[in-house]
Amino acid sequence: MRVLGIETSCDETGIAVYDTEKGLLSHALYSQVKLHADYGGVVPELASRDHVRKVLPLIQQALQEANTSPEELDGIAYTAGPGLIGALLVGASVGRSLAFGWNIPAIGVHHMEGHLLAPMLEEKSPEMPFLALLVSGGHTQLVQVDAVGKYTLLGESVDDAAGEAFDKTAKLLGLDYPGGPRLAAMATAGEAGRFKFPRPMTDRPGLDFSFSGLKTAAAIAIADQQALAGGDMNEQTQADIARAFQDAVVDTLVIKCRRAIKQTGLKRLVVAGGVSANTRLREALAETMQQQGGEVFYPRAEFCTDNGAMIAYAGAYRLAAGERNIENVSVRPRWPMTELTEPGY
């Protein structure tokens, strides 16, 4: 089965062609980072308009690179949620329209299921069941994955997601959008131990996360240092705060993963979402899984952030199992992943 994948949930337009026998045939991505940089974050209306401009040219590009004509496609998968409603509607409308015109089925894919299954695109992929840590700008979740569509939510953020906290703290440090990767880069020059931030919700049982208080602790430290300097901090102080913040986030995620491993007995850990590209997090989780006698799996760096390949793969899996959606344009800005069912049910 050959499927066209369309991802337009936020600020990246991702298109891909995936074949269940030959693998990933092509993928194209357009990032709106420059568009939103002047505003310090994503502007939903601008994001939607840019998807309208880019989605069809990228579809043409992906089909050409895959050496695939519309007649050779067996289905279309598009992100139906969660995400920005205007952005989601662009992908859903285009996906449904093309499917109708080409007389092939279409299916709406859950964005986080796409992230969760992204490591399956790699040559070395995990067998199910496994534990999944999904960390992005909008979500931080620990999920027990027994099969595709059979998910148990073990814990999630009760306020800011890890990626969101990274971006907000980076903004407090005066870093340009997108701040998370810039903060991580700055942290490499930081001195460990100069600042000490809390590891939120690790002093109590459970697997939920909270990063809002950590962000506040960083904001207080930044304000104190600015007051002491009588203005802007020096670069080393900025780097030291960035280091302390990143260490706190990484330690918190690692502690919760250890708890989840102990609770479930699972020895395979999948880490996906934009924050999964963080080098320090990867190093810490690799060490943790080695100590636990287990293994950790990631998507390649280009598939950690939003992309069409993960949507094409997830959609192909469900379409191949005979799953179809009714023929209308429907998206869900909020959509708990636990509402998903196994393909064919």
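FYI, side chains are in, hydrogens and waters are out, and symmetry mates aren't considered; it's all heavy atoms of this structure. When a residue number appears, it is its place in the shown sequence, counting from 1.
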Asks: Are the side chain of Asp146 and the backbone of Pro129 linked by a donor-acceptor contact shorter than 3.5 Å?
Replies: no

Asks: Does a side chain donor of either Asp224 or Gln226 reach within less than 3.5 Å of an acceptor in the other side chain?
Replies: no

Asks: Find out if a path of hydrophobic residues (ILVMFWY) with successive side-chain heavy-atom gaps under 4.5 Å connects Tyr151 to Leu131.
Replies: no

Asks: With no hydrogens and no angle check, is any side-chain donor or acceptor of Arg243 less than 3.5 Å from a backbone partner on Ala187?
Replies: no

Asks: If the threshold is 4.0 Å, N to carboxylate O, is there a salt bridge linking Asp160 and Lys215?
Replies: yes

Asks: Does Asn234 have more than 12 heavy atoms from other residues, nucleotides or ligands lying within 6.0 Å of its CG?
Replies: yes

Asks: Given the rule that I, L, V, M, F, W and Y join up when any side-chain heavy atoms are under 4.5 Å apart, are Leu89 and Val94 in one cluster?
Replies: no

Asks: State whether the number of non-hydrogen atoms from other residues, nucleotides or ligands found under 6.0 Å of Gln290 atom CD is greater than 12.
Replies: no

Asks: State which residues pass side-chain contact (heavy atoms from CB on, under 4.5 Å) with Arg280; sequence neighbours excluded, sorted by chain then number.
Replies: Gln246, Asp247, Val250, Asn278, Glu283, Ala284

Asks: Is the closest basic N to carboxylate O distance between Arg300 and Glu123 below 4.0 Å?
Replies: no

Asks: Are Val55 and Leu63 connected into the same hydrophobic cluster when the rule is that any two of I, L, V, M, F, W, Y join if their side-chain heavy atoms are below 4.5 Å apart?
Replies: yes

Asks: Each residue besides Leu29 in its hydrophobic cluster should be listed here, by chain and number; the cluster joins Ile, Leu, Val, Met, Phe, Trp and Tyr at side-chain heavy-atom distances under 4.5 Å.
Replies: none

Asks: With a 3.5 Å cut-off and no angle check, do the side chains of Asp306 and His115 form a donor-acceptor pair?
Replies: yes

Asks: When you measure from the side chain of Ser9 to the backbone of Leu88, do you find a donor-acceptor pair of N or O atoms at a distance under 3.5 Å?
Replies: no

Asks: Group every Ile, Leu, Val, Met, Phe, Trp and Tyr by side-chain heavy-atom contacts under 4.5 Å, then state whether Phe130 and Met310 land in the same group.
Replies: no

Asks: Can we say Arg2 and Asp74 salt-bridge, meaning some charged N sits less than 4.0 Å from an Asp/Glu carboxylate O?
Replies: no

Asks: If hydrophobic clusters are built by linking Ile, Leu, Val, Met, Phe, Trp and Tyr wherever their side-chain heavy atoms come under 4.5 Å apart, do Met289 and Leu253 end up in the same one?
Replies: yes

Asks: Do Glu72 and Ser69 have side-chain atoms, one donor and one acceptor, less than 3.5 Å apart?
Replies: yes

Asks: Does the side chain of Gln61 pick up a donor-acceptor pair with the side chain of Glu65 at under 3.5 Å?
Replies: yes

Asks: Taking Thr8 for its side chain and Ala87 for its backbone only, find out whether a donor-acceptor pair lies under 3.5 Å.
Replies: yes

Asks: Keeping to residues at least two apart or across chains, list the side-chain hydrogen bond (donor to acceptor under 3.5 Å, both in side chains) pairs with something in residues 79-103.
Replies: Glu7-Thr79, Tyr78-Arg96

Asks: Report, as yes or no, whether the 6.0 Å neighbourhood of atom CD on Glu127 holds more than 12 heavy atoms from other residues, nucleotides or ligands.
Replies: no

Asks: Does a donor on one side chain and an acceptor on the other come within less than 3.5 Å for Arg259 and Thr202?
Replies: no

Asks: Once the angle between the rings of Phe166 and Phe245 is folded into 0 to 90°, is it parallel (under 30°), tilted (30 to 60°) or perpendicular (over 60°)?
Replies: perpendicular

Asks: With Thr237, which of Glu191, Arg194, Gln225 fulfils side chain to side chain donor-acceptor pair (under 3.5 Å)?
Replies: Arg194

Asks: Can you confirm whether Glu113 sits close enough to Val148 that some side-chain heavy atom of one is under 4.5 Å from a side-chain heavy atom of the other?
Replies: yes

Asks: Would you please indicate if the ring centroids of His51 and Tyr30 are separated by under 6.0 Å?
Replies: no

Asks: Other than Leu46, what residues sit in its cluster of Ile, Leu, Val, Met, Phe, Trp and Tyr side chains whose heavy atoms are under 4.5 Å apart, directly or through others?
Replies: Leu35, Tyr39, Val43

Asks: Testing the 3.5 Å rule here: is there a donor-acceptor pair between the side chains of Gln236 and Asp240?
Replies: yes

Asks: Looking at Glu295 and Lys267, does any basic side-chain N land under 4.0 Å from a carboxylate oxygen?
Replies: no

Asks: Is it the case that Arg282 places NZ or CZ above or below the six-membered ring of Tyr298, under 6.0 angstrom from the centre and within 45 degrees of the axis?
Replies: yes

Asks: Sequence neighbours left out, what pairs pass salt bridge (Lys or Arg N to Asp or Glu O under 4.0 Å) with at least one residue falling in residues 41-57?
Replies: Glu45-Arg49, Asp50-Arg53

Asks: List in chain and number order the residues that pass ring pair (Phe, Tyr, Trp, His ring centres under 6.0 Å) with Phe209, two or more places apart in sequence or in another chain; answer none if no residue qualifies.
Replies: none

